Amino acid sequence: MISGTSVDGIDVAVADLRLRSGVVELSPVRHAEVPHPEALRADLLAALPPNPCDARTLCRLDTGVGQAFGAAAARFTGGGDSGVDLGVDLVASLGQTLYHWVDGGDCLGTLQLGQPAWIAEATGLPVVSDLRARDVAAGGHGAPLAGVLDRLLLAAEPGTAALNLGGIANITTDSTAGGLAFDTGPANALLDAAALARTGTPCDTDGALAARGTVRRDLLDVLLADPYYAAPAPKSTGKEHFHGGYLDAALARVPAVADADLLATLVALTAITVARACAPHRPRRVLASGGGVRNPALMTALAAALAPTELTTTDALGLPAEAKEAYLAALLGFLTWHGVPVDAGTGGGARVLGSVTPGRDPARWPEPLDGTAESLHLSPQPPGGPRARP
C-alpha cells in the first residue's frame, strides 16, 4: 500500500510472489484505489511543505493515516465490510511521505506517516513499513524506491527505461545504462497546484485545460532554469521544493499567464525534463506508469519529446500502470520478510529495507531465501508450486 505525493488516495495491490533461482515471480491478483477520508486528506495537504506542522498535528496525522491504511488493508484480508479474503500473508506499507529532507544534493532524512501498529491490529498480519529510511542511512536517497522493481524488471528488457509519473516524475535506467534511479522533477505536483489555484479543482482531469492552451516560452524558460535539473544523479526531490509557492514565484517573473497556457506550459516542463533526463542513457523504449498516464495531454507531450524513443506503459508487460507503486510495496515487503537485500539504485547499495511490526500471532520469521533477486518475471496467473509464506 502507498499514498503518493499527490495524496489522491491509498493505492492497494495484492500480489502472489515467490523467488526461485534469482527470479522473482510476481502475479498481480487485485488492485484498487481507496479514497482517503476527506478530513484526513485536507489535513495532510495542509501539513505538507512549505506549510508548518507541529508535533500535535504530526501525531494525529500518523495515527489517522495508520487507521486509514489499516481499514483499506482489512478490505482485502477478510477484516473489512467487504468480506473479501484473498489469503494475504503479509502487509507492506510505503505510507504517506510528509517530508523528504534533501540538502546540498544529499538526502539526510525522510518521513513517512501511517503508524503500522494500526494496520497490524486491523488485519492481524505482520506489517513491513518504514521502507525508505535504511537506504537513506546507507547513503542513498530513499527515493525513488521504484528502482527496486524497475531494475529487476529491466534485467530482461535491455534498452528500456522505466518512468513513473506521480506527483514527482522518476526514471530508472537499465543496467547497461548505469542502472540509476532518480527523480527528474515535477510531474503532477505543479499541474495539480495550478489546477487548484486557477479552477478550484484538485487536478486538470484528462488534461483538458492543458490541451486548450499554448506553451508560454518565457515561463518555461524560468522554470527550466531551476538548478535541480542540471544536478547529477542519483538525486531526489518532492513537494518540499516543487509546490504552489514555488510556482507563484515563477509566475511573478513573467507577464500574466492564462489558465490554459499555464497548464500547457507545466505539461511541457514535465515532458522536456523527463526527455532530457533520459537522453544520456539512450533508451529505445520508455515504460510509463503512475497517475500521469491518465493525462492524454501529458502523454502526447512526452511522446513528442522522447521521439524517436517509443513511449508505452507497463500494461504492455502485464503490470497495471496505475497500480505499479502499490505492487512495488508488495515486492519490497516480500523481499524484506525473506531477508533478501536489494539495491534501489539511489546510492545506498544493497540492503534489507524496512521494519517489521508483528501481527496477531507470535512473530515467526521465515528462513531467509537463498541467493539474491536478479530479475522479475510477471505472470498473469499465480505461479505454480508452493508460495513462500511467513
Side-chain angles (χ1 to χ4, degrees), residues 1-12 33-75 79-80 91-103 106-123 125-137 141-143 145 166-168 188-190 192-193 196-197 200 202 236-249 325 329 353-359:
M1 299 189 295
I2 182 174
S3 176
T5 52
S6 295
V7 200
D8 292 330
I10 304 168
D11 291 320
V12 184
E33 183 179 58
V34 179
H36 284 297
E38 290 186 12
L40 176 62
R41 183 175 189 270
D43 289 345
L44 282 168
L45 292 172
L48 288 173
N51 300 325
C53 180
D54 59 22
R56 177 176 179 270
T57 300
L58 192 63
C59 180
R60 294 178 64 181
L61 289 175
D62 193 35
T63 296
V65 174
Q67 291 171 334
F69 271 57
R75 294 175 57 173
V91 179
S93 172
L94 276 163
Q96 174 69 63
T97 297
L98 192 72
Y99 191 77
H100 192 65
W101 181 17
V102 178
D103 187 7
D106 296 321
C107 183
L108 304 179
T110 188
L111 178 63
Q112 284 71 49
L113 301 185
Q115 172 53 241
W118 291 101
I119 306 173
E121 284 295 318
T123 63
L125 297 173
V127 179
V128 179
S129 62
D130 202 20
L131 285 153
R132 301 185 189 276
R134 184 63 182 274
D135 187 62
V136 172
H141 275 259
L145 287 186
I168 301 297
N188 298 316
L190 294 184
D192 291 350
L196 183 62
S236 61
T237 188
K239 285 189 173 180
E240 302 77 22
H241 186 71
F242 295 108
H243 50 72
Y246 171 93
L247 184 57
D248 290 341
E325 288 196 304
L353 304 177
S355 301
V356 177
T357 300

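Keep in mind it's a predicted model, so treat the numbers as computed, not measured.
A donor-acceptor distance shorter than 3.5 angstrom exists from the side chain of N51 to the backbone of A46, with no hydrogens or angles considered. Side-chain N or O atoms of K239 include one that pairs as donor or acceptor with a backbone N or O of T5 at under 3.5 Å. A donor-acceptor contact shorter than 3.5 Å links the side chain of D62 to the backbone of G114. With T123 contributing its side chain and L125 its backbone, the two residues share a donor-acceptor pair below 3.5 Å. When atom types are taken as modelled, the side chain of H243 and the backbone of G245 share a donor-acceptor pair closer than 3.5 angstrom.
Side-chain contact annotation: T237 with H100, donor-acceptor N/O pair under 3.5 Å absent. In this structure, a donor-acceptor pair under 3.5 Å is absent between the side chains of Q115 and T63.
To the nearest 0.5 Å, atom CG of residue L48 and atom OH of residue Y99 are 12.0 Å apart. Within the model, atoms CG of D8 and OG of S3 stand 7.5 Å from one another, a figure rounded to the nearest 0.5 Å. Taking CG from L353 and CG from L145, the interatomic distance works out to 6.5 Å, rounded to the nearest 0.5 Å. Note: Q67 CD to W118 CH2 = 4.5 Å, rounded to the nearest 0.5 Å. With rounding to the nearest 0.5 Å, the separation of SG in C107 from CG in D135 is 8.5 Å. Taken to the nearest 0.5 Å, the CG atom of L44 stands 5.5 Å off from the CD atom of Q96.
Summarising the geometry of T110 relative to R132, their closest heavy-atom pair is CG2-CB, 3.8 Å, with the distance given to 0.1 Å. Here the shortest heavy-atom pairing between A68 and P37 reads CB-CD, 4.2 Å. For the residue pair S6 and G166, the shortest heavy atom distance occurs at OG-C, 4.4 Å. Of all non-hydrogen atoms in L61 and A47, the two that sit nearest each other are CD1-CB, 3.6 Å. Minimum heavy-atom separation, R41 to P202: NH2-CB, 4.4 Å. In plain terms, the two heavy atoms of H36 and I10 that are nearest each other are CE1-CG1, 3.5 Å.
Side-chain contact check for Y246 versus L190: some heavy-atom pair is nearer than 4.5 Å. When side chains are defined from C-beta on, L94 does not count as touching Q112, because their heavy atoms never get closer than 4.5 Å. In this structure, the side chains of L98 and C53 come closer than 4.5 Å at one or more pairs of heavy atoms.
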Could you walk me through whether V128 and L131 pass the side chain to side chain contact (heavy atoms under 4.5 Å, CB included) check? CA-CA 8 Å; V128 179; L131 285 153; 3.7 Å; yes

Worked verdict on V65 versus L40 for side chain to side chain contact (heavy atoms under 4.5 Å, CB included): CA-CA 8 Å; V65 174; L40 176 62; 4.2 Å; yes

Check the pair I2, S93 against side chain to side chain contact (heavy atoms under 4.5 Å, CB included), reporting the backbone distance first and the verdict last. CA-CA 6 Å; I2 182 174; S93 172; over 6 Å; no

Between V34 and F69, is a side chain to side chain contact (heavy atoms under 4.5 Å, CB included) present by the stated rule, with each step listed? CA-CA 9 Å; V34 179; F69 271 57; over 6 Å; no

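Enclosure of atom CD in E121 is not indicated, since only 12 or fewer non-hydrogen atoms of other residues, nucleotides or ligands lie within 6.0 angstrom.
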